[in-house]
Amino acid sequence: MEVHPEAGKEGKPSCALVELQGDSSLQVEISDAVSERDKVKFTVQTKSCLPHFAQTEFSVVRQHEEFIWLHDAYVENEEYAGLIIPPAPPRPDFEASREKLQKLGEGDSSVTREEFAKMKQELEAEYLAIFKKTVAMHEVFLQRLAAHPTLRRDHNFFVFLEYGQDLSVRGKNRKELLGGFLRNIVKSADEALITGVSGLKEVDDFFEHERTFLLEYHTRIRDACLRADRVMRSHKCLADDYIPISAALSSLGSQEVNQLRTSFLKLAELFERLRKLEGRVASDEDLKLSDMLRYYMRDSQAAKDLLYRRLRALADYENANKALDKARTRNREVRPAESHQQLCCQRFERLSDSAKQELMDFKSRRVSSFRKNLIELAELELKHAKLKGPPGAPSAKAV
Amino acid sequence: MAAEREPPPLGDGKPTDFEELEDGEDLFTSTVSTLESSPSSPEPASLPAEDISANSNGPKPTEVVLDDDREDLFAEATEEVSLDSPEREPILSSEPSPAVTPVTPTTLIAPRIESKSMSAPVIFDRSREEIEEEANGDIFDIEIGVSDPEKVGDGMNAYMAYRVTTKTSLSMFSKSEFSVKRRFSDFLGLHSKLASKYLHVGYIVPPAPEKSIVGMTKVKVGKEDSSSTEFVEKRRAALERYLQRTVKHPTLLQDPDLRQFLESSELPRAVNTQALSGAGILRMVNKAADAVNKMTIKMNESDAWFEEKQQQFENLDQQLRKLHASVEALVCHRKELSANTAAFAKSAAMLGNSEDHTALSRALSQLAEVEEKIDQLHQEQAFADFYMFSELLSDYIRLIAAVKGVFDHRMKCWQKWEDAQITLLKKREAEAKIMVANKPDKIQQAKNEIREWEAKVQQGEREFEQISKTIRKEVGRFEKERVKDFKTVIIKYLESLVQTQQQLIKYWEAFLPEAKAIA
């Protein structure tokens, strides 16, 4: 499989999260998205010269549930047990934003028209930002699949990309729920496995290290993500607070006839500027920090899932060994036991090999993504701080 | 220096006395930079005629009392009017100034005339321009600090004692630097006394900081947490601002109660300030009565200036309240931001620890450090938000309430005058009826009553004019102070914002190379 660097794709927000080196033979993107009452409809556009597809360029409309179906299909596929399955995109959630817009609409009579317009603008910007983010999340999911040499060849993936009709996944909802429930039970058993409670002996140092590392890392990144979210929300809150302050200062200034007039008006101006900048700081922190942490929280969970699968394979292998020994001692059904053991061994080794590669990829992906985002975060913070600073100084003197 | 002096016998508002007083007001309420002399004209109250020269510094060979006072007057010529009248002390401070009942104008006029009579000759000869000049000179040589809050006592009887330090070169004080220990109720007591003396004649007396049962209970109970230290600090700063505003007022600065508050080591406990005391309840009743009365007084405003100003202050009040509420929200949210940033810094540090790629791990730790420093910045900014901006606004909201009070007093004054006029009319009508009915014995009484009420009408008119005049001046002074106050604070606040930004720049600039170093 040849790997060509993808030119011209780096401009997309999705690439900020994941550095992708894919094959230009399959390019996937979400070219359009429409938000209706309760759902979002994504237009998935594919450009491919692969012989499998009927056309070289085509698009379909998909909804969130269909993405989830695709993800689950990968997870349940034994073939991909040794790979990190890209985390499923989160459900589009406009609830909070919609509620806020509604509350604003219901109105507070003490708010002036200007203030109202500003607040509405803020909320609409927020809504738009959430929308863009959900598009980006869905897109990066598909793009990682398209970039992965093995995953891109999946039949379900082709169906997802090409099939013009609804994939009718919605009917599965109750079944999915049940399936999800069962999966959670299995997961807790896996947790026991992975945390070493089961007494399985890890033979490979690399995996031993990865296990301890991922367990701790996942918890901590989840923590950091939650707290980054809170910081971002506080910044937004602050930006919103500046609106009434600026308005009150303006009206105070316009009522004064003395020297205070300029002072108040200048201060009002400054707060207005601070508001915009604070808002931008909040959204930058959101994109560069919160989103990145969130993505790698999910990705590290996917890596953990891979480790579970490998350990389960190891458990199977050990059980097969025991069964073989028993069969040998009893001298009954040795053949089937032998072949079973062989299978388990092969499976385990296959998983271990690919897992190793996947985990190393995960690390390099993580490091480069963090690097890029942290640099961009620092640069943006500097840019904003410099904008807030010097203009404030002359106005202090002018006051 | 202080000698017993009887106040000159005060007639019932003899026109001459009152006039003198009016001029005297000018002198007292403005800060003086120069004091010109003139030959004195003899005062009925045994003021010997004397040649008063502006630059005399030595003691005059006449009566001790006047001497010292004159010396003071001219020694401080370049800085401050020090119409030292320590004689006032025995008159006023020996009796505990009632916290509630308004003192009648006569008592008020007494000390003033007394001290004024010493300098009367000087006043009469000063030109208008001089007085104007003095009004513009802004030299106050007195600095007040409130510091060192200390908890005294235990349990529910505990209280905080604050050290009040005065640094001054004014001669009315016996020392140039001194300090006393005062508790919160002492401050309230001081305000109560000043208010009862000056508010109803039109002086804007700065209001004292508000009581807080919750805050104080926490302190009493002994909670050593950050919220009670914050509360104490907030109160200390408020008390300091209160005293500073009070001493800036030239009339109040002369008041013996204020001097006693600043100077004497022992102060009688002001029990009348307690909310649940008898005086407290009387206060509440009076306030309610006032509110009702205010609604029923329909004043024929002959002076558009007052109406305008009242409207202006009403608008200002509303605007300030709105702004204050928003700024309080800002302070709250900035504190939240600070807390959240600190929490994030910790988790970033933990993440850095568990990261196994060394360069990334180091960068994450650096990020954690940057965020910690930013948290500090947020805290400092919140502090500035509050102490500079929010407290200034709440101070002025309360000050404007005092201004509104003064306008209300003027209305009440007018009402009194109106009532006197109506009564006089009735008495005249009654007299006319008696004349017709020809009852000679009652005529005399009627005539007496008419005379009495004529005098009251005149007094009412005078008082009304006086309070109107005082208010005009006070409002002018208040506005000047307000402009100065706000401007200073706005500049300081802007500077704090600028500084925060500059610090932020420094922190992120330090971090950027670390991020780039991730290999």
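Bear in mind the structure is a predicted one, so any value in this text is a computation, not a measurement. Note on naming: letters A, B, ... go to the chains in the order of the sequence lines (proteins, then strands), and numbering restarts at 1 for each one.
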Inset, instruction - Please flag which part of A:Leu293 lies under 4.5 Å from any non-hydrogen atom of chain B: side chain, backbone, both or neither. - result: side chain
Inset, instruction - Examine A:Arg230 relative to B:Phe344 and say whether NZ or CZ is less than 6.0 Å from the centre of the six-membered ring and inside a 45° cone about the ring axis. - result: no
Inset, instruction - Please state whether the side chain, the backbone, both or neither of B:Leu330 comes within less than 4.5 Å of a heavy atom of chain A. - result: both
Inset, instruction - Go through B:Lys492, B:Lys516, B:Lys322 and name the one with the most non-hydrogen pairs under 4.5 angstrom from chain A. - result: B:Lys516
Inset, instruction - Output yes when A:Asp240 and A:Arg233 qualify as a salt bridge under the 4.0 Å nitrogen-oxygen rule, no when they do not. - result: no
Inset, instruction - Only counting residues at least two apart or in another chain, list the ones meeting salt bridge (charged side-chain N to carboxylate O under 4.0 Å, His left out) with A:Arg220. - result: A:Glu216
Inset, instruction - Start with the C-alpha gap between A:Glu272 and A:Lys276, add the side-chain angles, then the distance that decides, and say whether salt bridge (Lys or Arg N to Asp or Glu O under 4.0 Å) holds. - result: CA-CA 7 Å; A:Glu272 179 56 26; A:Lys276 297 209 181 103; 3.8 Å; yes
Legend entry - Interchain contact, B:Leu360 with chain A, by part (heavy-atom threshold 4.5 Å): side chain
Inset, instruction - Can you tell which part of B:Leu316 gets under 4.5 Å to a heavy atom of chain A, answering side chain, backbone, both or neither? - result: both
Legend entry - Residues that B:Glu328 engages under side-chain contact (heavy atoms from CB on, under 4.5 Å), provided they are two or more places apart: B:His324, B:Ser390
Inset, instruction - Please flag which part of B:Tyr507 lies under 4.5 Å from any non-hydrogen atom of chain A: side chain, backbone, both or neither. - result: neither
Inset, instruction - Take A:Arg211 and A:Glu208 through the test salt bridge (Lys or Arg N to Asp or Glu O under 4.0 Å) and record every step on the way to the result. - result: CA-CA 5 Å; A:Arg211 188 177 63 93; A:Glu208 182 56 33; 2.9 Å; yes
Inset, instruction - Examine whether an atom of A:Glu256 lies under 4.5 Å from a heavy atom of chain B, and if so say whether it belongs to the side chain, the backbone or both; otherwise answer neither. - result: side chain
Inset, instruction - Identify which part of B:Phe486 has an atom lying under 4.5 Å from any heavy atom of chain A, answering side chain, backbone, both or neither. - result: both
Inset, instruction - Could you tell me whether B:Phe478 and B:Phe313 have their ring centroids closer than 6.0 angstrom? - result: yes
Legend entry - Region of B:Gln318 in contact with chain A, defined by heavy-atom distances below 4.5 Å: neither
Legend entry - Under 4.5 Å from a heavy atom of chain B, the part of A:Leu289 involved: side chain
Inset, instruction - Among A:Pro244, A:Cys225, A:Ala247, single out the residue with the greatest number of heavy-atom pairs under 4.5 Å to chain B. - result: A:Pro244
Legend entry - Interface residue of largest heavy-atom contact number with chain A, from B:Glu336, B:Glu355, B:Gln312, under 4.5 Å: B:Glu355
Inset, instruction - Mark yes or no: A:Arg366 above the aromatic ring of A:Tyr217, with NZ or CZ under 6.0 Å from the six-membered ring centre and no more than 45 degrees from the axis. - result: yes
